[in-house]
Amino acid sequence: KLQFLYLIGSAARHDGYTCVAGDKMTIRLSAAGALVAARWTGARRKSSLSILDNPHVAQYAAVPKSEMTLKYALEFAENLTEKKVISTGQYVHKELPVRLAKVVQMFNHLPYIVTVNPYMIEVLLCYLISFNALRERPPIRTLDDMRDYFTFVLRVAHMQRDVLTTLAKGIAEAKQLPASAGIQEGELDAFMDSFVSQRIGRRVIVSHPQTLLCRYEEEQAGRAKDSDFLGVFAKHCRPKDVIESAARKVAALCEKRFGSAPEVVVSGDADASVVYIPSHLEYILVEILKNCMRHTFKWGMCQGRKQPAPIEVTICDGRDCVIRISDQGGGFSPSSLESCWEWGGQTKLDGGSLDTPGELTRRMGKQTITDLVEQKTAAFLHEIEGPAAELPAAAGGDSISTWLAREHMRDMGALTTSHCGLPAARVYSRHLGGDLVFESLDGVGTHFYISLATVDFEKEKF
């Protein structure tokens with residue numbers, strides 16, 4: 001009842017109106033506050049957007065995920081045949097709509113006032129349209145069918161290119177809602193953990209068969225080269241090499257901003273190797289090293305040092321491969337420790353503060369959720385199915401798998417600019433059974449520990 005009174009109060013503040021019909025109540029607001037056609041049933045989670053009332057979504061979401069084990073993925077990458085390659089495409093064709101339907105249903109489990117945020121609606125519509133489009137694609141029976149299917153998948157992926165940036169804005173705005181909005185502690189962060197983890201999994205299951213298709217075609221054309229890769233996985237990913245690559249990239253950024261960069265000293269088991277996706281490990285390392293270099297440089301200035309202290313990276317190849325990154329950047333203050341793993345907890349949008357509900361109302365004008373749904377639906381459909389639906393320029397001359405890898409890096413950039421770097425790095429590290437933790441000494445520095453679990457080929461799934 002208190003939640004319902006809050007919603008009525010929101011309607012009054014945002015020039016909404018109420019319409020009572022029997023034992024149900026409908027609240028209509030502009031797109032800013034965002035309650036439209038909410039069906040009051042006395043329970044926090046019983047109200048839902050009408051666009052979520054899709055029987056196909058419920059049908060597909062009820063199907064259990066067919067998780068691919070790493071053993072299965074790597075075995076299929078050996079001794080490729082046309083039948084093997086086509087079967088990986090058929091797996092994606094069947095599995096992708098199921099996973100997209102589960103993402104759409106995730107929004108239905110959020111508090112209604114969060115789901116109807118305009119940014120959240122835009123992301124929801126993007127996935128709903130992707131689901132409907134991929135669900136209706138013809139089956140894959142030949143290599144040509146597979147090429148056509150993945151070309152269409154590329155268009156869908158291109159349509160989703162700004163999803164994480166948009167979602168981060170919606171989550172940041174939702175976190176400013178008062179306690180009376182009914183959002184449970186940690187609920188939005190758990191949603192983002194799950195959303196990003198599932199997005200990583202979809203990227204992997206889409207990229208892997210595409211890489212196998214490219215490799216098979218090269219073998220048939222006699223252009224195949226020896227490679228350490230089996231699909232998207234490197235059989236012998238050397239952490240030392242990835243650390244040095246990440247350190248060079250972050251040092252260049254630091255020098256551009258501060259004029260110099262701390263030295264990164266690597267020690268330990270230099271010859272250690274793991275089965276891993278190198279781009280995932282590089283993202284984790286880049287995020288941590290950016291944090292370490294920024295704080296080391298600033299703390300050194302406060303201490304009057306002429307040169308920033310070095311950052312020490314130690315590789316330990318034991319039962320699991322563990323990378324320790326140690327800085328002398330003053331550590332995290334006790335007050336900031338709890339927010340380190342929060343998604344977008346410190347995000348500032350458009351160079352300023354987040355929109356308040358009133359400011360968002362003025363910015364959106366009189367546009368309703370219905371208007372927003374119609375506008376975004378038309379734009380998304382035109383992008384993937386209309387006459388202008390062509391492969392993005394980035395794909396010109398590149399394989400689709402190369403373009404997908406570039407889109408994957410775009411995701412990483414979106415998470416970084418949304419101040420979601422550390423929580424995203426933890427999701428990436430946990431995706432293949434590892435973890436990311438840290439110990440901080442206030443006034444001294446921080447130790448980050450990245451564990452790269454020894455892969456259990458029977459159990460690791462994505």
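Owing to the predicted nature of the structure, the values given are computational and were not obtained by experimental measurement.
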State, without any angle test, whether [X] and [Y] hold a side-chain donor-acceptor pair at a distance under 3.5 Å.
X: Asp193; Y: Trp343; result: yes
X: Gln160; Y: Ser130; result: yes
X: Glu282; Y: Ser245; result: yes

Should Met106 and Phe195 be marked as a side-chain contact (heavy atoms from CB on, under 4.5 Å) after you check the CA-CA gap, both sets of side-chain angles, and the distance that decides it?
CA-CA 8 Å; Met106 282 173 55; Phe195 185 93; 4.2 Å; yes
Name the orientation class of the two ring planes belonging to [X] and [Y] (parallel below 30°, tilted from 30 to 60°, perpendicular beyond 60°).
X: Tyr428; Y: Tyr283; value: tilted
X: Phe131; Y: Tyr60; value: perpendicular
X: Phe233; Y: His208; value: perpendicular

Quick one: does [X]'s side chain have a donor or acceptor within less than 3.5 Å of a partner on [Y]'s backbone?
X: Gln210; Y: Ser207; answer: no
X: Thr314; Y: Ser267; answer: no
X: Ser194; Y: Ala190; answer: no
X: Asp269; Y: Asp317; answer: yes

Kindly compute the distance separating [atom1] ([X]) from [atom2] ([Y]), expressed to the nearest 0.5 Å.
X: Thr115; Y: Ile121; atom1: OG1; atom2: CD1; value: 8.5 Å
X: Asn291; Y: Cys340; atom1: CG; atom2: SG; value: 8.0 Å
X: Ile450; Y: Ile315; atom1: CD1; atom2: CD1; value: 10.0 Å
X: Ile311; Y: Glu263; atom1: CD1; atom2: CD; value: 10.0 Å
X: Ile288; Y: Arg324; atom1: CD1; atom2: CZ; value: 13.5 Å
X: Gln176; Y: Glu173; atom1: CD; atom2: CD; value: 7.5 Å

Check against side-chain contact (heavy atoms from CB on, under 4.5 Å), Leu110 and Leu188:
CA-CA 8 Å; Leu110 288 171; Leu188 298 178; 4.2 Å; yes
[Y] and [X], any side-chain heavy atoms less than 4.5 Å apart:
X: Lys175; Y: Glu342; answer: yes
X: Ile325; Y: Tyr449; answer: no
X: Lys298; Y: His295; answer: no
X: Phe448; Y: Ile323; answer: no
X: Ser66; Y: Val98; answer: no
X: Val92; Y: Phe150; answer: yes
X: Leu441; Y: Thr446; answer: no
X: His447; Y: Asp327; answer: no

Any idea which heavy atoms bring [X] and [Y] closest together, and the distance?
X: Leu281; Y: Cys237; result: CD2-SG, 4.2 Å
X: Lys102; Y: Ala61; result: NZ-O, 2.6 Å
X: Lys235; Y: Val275; result: O-CG2, 3.6 Å
X: Pro308; Y: Ser260; result: CD-OG, 4.4 Å
X: Ala251; Y: Ala261; result: O-CB, 3.8 Å
X: Leu452; Y: Pro239; result: CD1-CG, 4.3 Å

Excluding sequence neighbours, so at least two apart, what forms salt bridge (Lys or Arg N to Asp or Glu O under 4.0 Å) with [X]?
X: Lys240; value: Glu244
X: Arg238; value: Asp241, Asp271
X: Asp435; value: Arg430

Within a 6.0 Å radius of atom NZ on Lys94, are there more than 12 heavy atoms belonging to other residues, nucleotides or ligands?
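Atom NZ in Lys94 is not crowded, with 12 or fewer foreign heavy atoms closer than 6.0 Å.
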For Val57, which of Leu100, Val103, Leu128 qualifies under side-chain contact (heavy atoms from CB on, under 4.5 Å)?
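When Leu100, Val103, Leu128 are each tested with Val57, the side-chain contact (heavy atoms from CB on, under 4.5 Å) holds only for Leu128.
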Evaluate the side-chain contact (heavy atoms from CB on, under 4.5 Å) criterion for residues Met293 and Phe297: first the C-alpha distance (whole Å), next the side-chain angles of each, then the deciding distance (0.1 Å), finally the verdict.
CA-CA 6 Å; Met293 286 195 184; Phe297 192 89; over 6 Å; no
Centroid separation under 6.0 Å, is that true for the rings of Phe107 and Tyr127?
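No - the distance between ring centres of Tyr127 and Phe107 does not fall below the 6.0 Å cut-off.
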Residue pair Arg305, Gln328: steps toward the side-chain contact (heavy atoms from CB on, under 4.5 Å) verdict
CA-CA 12 Å; Arg305 293 176 180 170; Gln328 298 178 48; 3.7 Å; yes
